[in-house]
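In what follows, a single structure is set out as structure tokens and then discussed.
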2 protein chains.
Amino acid sequence: MANGAQKERVSGSLTAGSLTARLQAAVRERGQRWTEQRQLIVDVLAASDGHATGAELVERVRQDDPSATPSTVYRTLDLLEELGLARHHHGPDGRETYHLEETTEHGHLHCRGCGAEQELDAAAAAPILKAITGATGFSADLDHLSLQGLCATCRADQKG
Amino acid sequence: MANGAQKERVSGSLTAGSLTARLQAAVRERGQRWTEQRQLIVDVLAASDGHATGAELVERVRQDDPSATPSTVYRTLDLLEELGLARHHHGPDGRETYHLEETTEHGHLHCRGCGAEQELDAAAAAPILKAITGATGFSADLDHLSLQGLCATCRADQKG
DNA sequence: CCCCTTATTGCAACGTGTTGCGATAGAATC
DNA sequence: GATTCTATCGCAACACGTTGCAATAAGGGG
């Protein structure tokens, strides 16, 4: 087995109130513990509902609790990913970007011409994922899909 | 303008002997200089013809020239990318991997089940790239395409 | 409520890249 | 080959993440 930890999904309808309780239960079931820091990190992640880099999250957590260290934040983010609550992917520069799983699953397109970043929702991605499976037998994770290339506008500009 | 430097392709038929001469000419045309370190870095990159991480390249260069520093190696790799000779992409862990442009352009598939890494050649990728363009108008760079997901074998295992 | 086990934390050090700056050394010109 | 201009180099410091280890604290059992 290559997978260390089992993934048990926690999410579902993530109403703010029940989220903590659910997480707490899920964590305890795994023989792990619920701490104030973990609570805080979940709160911060939920508050920055778009995308946030690891460094940004660390900074925001430390605003509320200066005693928190990067290692704790990153370890907690890893835990949240194992629980299926958070996700991360790597931008074109290789830096990590995190977001809550409750955000609709989506891919990322990064244009090397104008630097624009656009999201790719499940519907738009469906034919792409199908093509990938058809060509390779591979079932790609939409959430880890991060493409680089030229957007339609920049392609037109280049031709002109 | 988002693009800092113009990209002028250097490659073509990269016979070992002429490569250096061509590079040297291309570099000088840009008002830049050809140095022993750059020569060495090109040699190392050519010798490790598959994929090598930035750190690996730094280490190999330092074996031949201990005075070389990481900053020089990385700056040279950037230059080689601008010249179109080298390429890099980010693995699932975000680390950089470099390879010579002469290597056939290809994407990467990383299986989160068994950890296997497989390459995706241009022919196999064609329908995928077409699907991407169809769904998004986006012209994706095959060489920067790094997918994560489950390979056919692991998908079958999961069902069993 | 206290004790015990051990998961979690903070720290310190490391790994991988990046950046600013003064010193060095290409290479074009004389 | 000496001079001059400036690109490149090495260094030192930084940014982002990761890891090992000893101290702390969560939380289950007596």
Side-chain angles (χ1 to χ4, degrees), chain A residues 4-5 20-21 23-42 45 51-62 64-83 86-98, chain B residues 4-5 20-21 23-42 45 51-62 64-83 86-98:
Chain A
T20 294
L23 272 175
Q24 194 165 347
V27 166
R28 291 228 184 104
E29 257 172 46
R30 292 163 53 112
Q32 294 176 284
R33 291 164 192 177
W34 194 245
T35 65
E36 284 182 31
Q37 304 231 11
R38 290 184 172 175
Q39 178 67 59
L40 173 57
I41 291 166
V42 169
L45 193 55
H51 305 77
T53 64
E56 281 165 359
L57 292 173
V58 169
E59 198 187 350
R60 288 179 202 163
V61 167
R62 296 189 64 128
D64 280 20
D65 177 359
S67 76
T69 56
S71 52
T72 300
V73 174
Y74 284 112
R75 284 191 279 230
T76 300
L77 289 170
D78 287 348
L79 173 63
L80 294 177
E81 270 197 90
E82 269 172 35
L83 292 172
R87 286 281 200 169
H88 86 275
H89 72 108
H90 296 276
D93 58 354
R95 288 206 177 78
E96 298 185 332
T97 304
Y98 287 88
Chain B
T20 294
L23 271 174
Q24 194 166 347
V27 166
R28 291 226 183 105
E29 257 171 46
R30 292 162 55 112
Q32 295 176 283
R33 291 166 190 174
W34 194 245
T35 66
E36 284 184 31
Q37 303 232 10
R38 290 186 171 172
Q39 178 67 59
L40 173 57
I41 291 167
V42 169
L45 191 56
H51 305 75
T53 64
E56 281 165 358
L57 292 173
V58 169
E59 199 188 349
R60 289 179 203 163
V61 167
R62 296 189 64 129
D64 279 20
D65 177 359
S67 76
T69 57
S71 52
T72 300
V73 175
Y74 285 112
R75 285 192 276 229
T76 300
L77 289 170
D78 287 350
L79 173 63
L80 294 177
E81 269 196 271
E82 270 173 34
L83 291 172
R87 287 280 200 169
H88 86 275
H89 73 109
H90 296 276
D93 59 354
R95 287 205 177 81
E96 298 184 334
T97 304
Y98 287 88

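Reminder, nothing fancy here: chain letters follow the sequence lines and each chain counts from 1. Values below: all heavy atoms of this structure, side chains included; hydrogens, waters and symmetry mates excluded. Remember, predicted model here, so these are calculated numbers, not experimental data.
Shortest non-hydrogen contact noted between B:Arg62 and B:Thr69 is NH1-CA, 4.1 Å. Smallest separation of non-hydrogen atoms from A:Thr20 and A:Gln39: CG2-OE1, 2.8 Å.
Following rounding to the nearest Å, A:Tyr74 (OH) and C:dT16 (C1') show an atom-to-atom distance of 13 Å. Here the P atom of nucleotide D:dA26 and the CD atom of A:Gln37 are 10 Å apart, to the nearest Å. Note: NE2 (A:His89) to C1' (D:dG17) measures 16 Å, nearest angstrom. Rounding to whole angstrom units, CG of residue B:Asp65 and P of D:dT8 are separated by 17 Å. Atom NE2 of A:His90 is separated from atom P of C:dT16 by 15 Å (rounded to the nearest Å). One atom, CZ of B:Arg95, and another, C1' of D:dC16, lie 11 Å apart when rounded to the nearest Å. When the P atom of D:dT18 is taken as reference, atom CG of A:Leu79 falls 14 Å away, rounded to whole Å. Rounded to a whole Å, the CD atom of A:Glu56 is 12 Å from the C1' atom of D:dC16.
Heavy atoms of A:Gly94 sit nowhere under 4.0 angstrom from any nucleic acid atom. At the heavy-atom level, A:Arg75 lies under 4.0 Å from base atoms of the strands shown. If you check every strand for non-hydrogen atoms under 4.0 Å, B:Arg33 touches a base. Nucleic acid contact for A:Thr53: none, since no nucleic acid atom lies under 4.0 Å from a heavy atom of the residue.
Looking at heavy atoms from C-beta onward, A:Leu79 lies in side-chain contact with A:Gln32 at the 4.5 angstrom threshold.
Atom-to-atom distance recorded for B:Ile41:CD1 and B:Thr76:OG1 is 3.5 Å, nearest 0.5 angstrom.
Classified by interplanar angle (parallel below 30°, tilted 30° to 60°, perpendicular above 60°), the ring pair B:His51/B:His89 is perpendicular.
When distances run from any side-chain atom of A:Arg28 to the nucleotides D:dG27, D:dA7, D:dC11, the shortest one goes to D:dG27.
Both B:Trp34 and B:Thr97 lie close to DNA chain C; mapped to their nearest nucleotides by heavy-atom distance, the more 5′-ward contact belongs to B:Thr97. A residue-by-residue look at B:Ala55 and A:Gly31 shows that A:Gly31 has its nearest nucleotide of DNA chain C further toward the 5' end.
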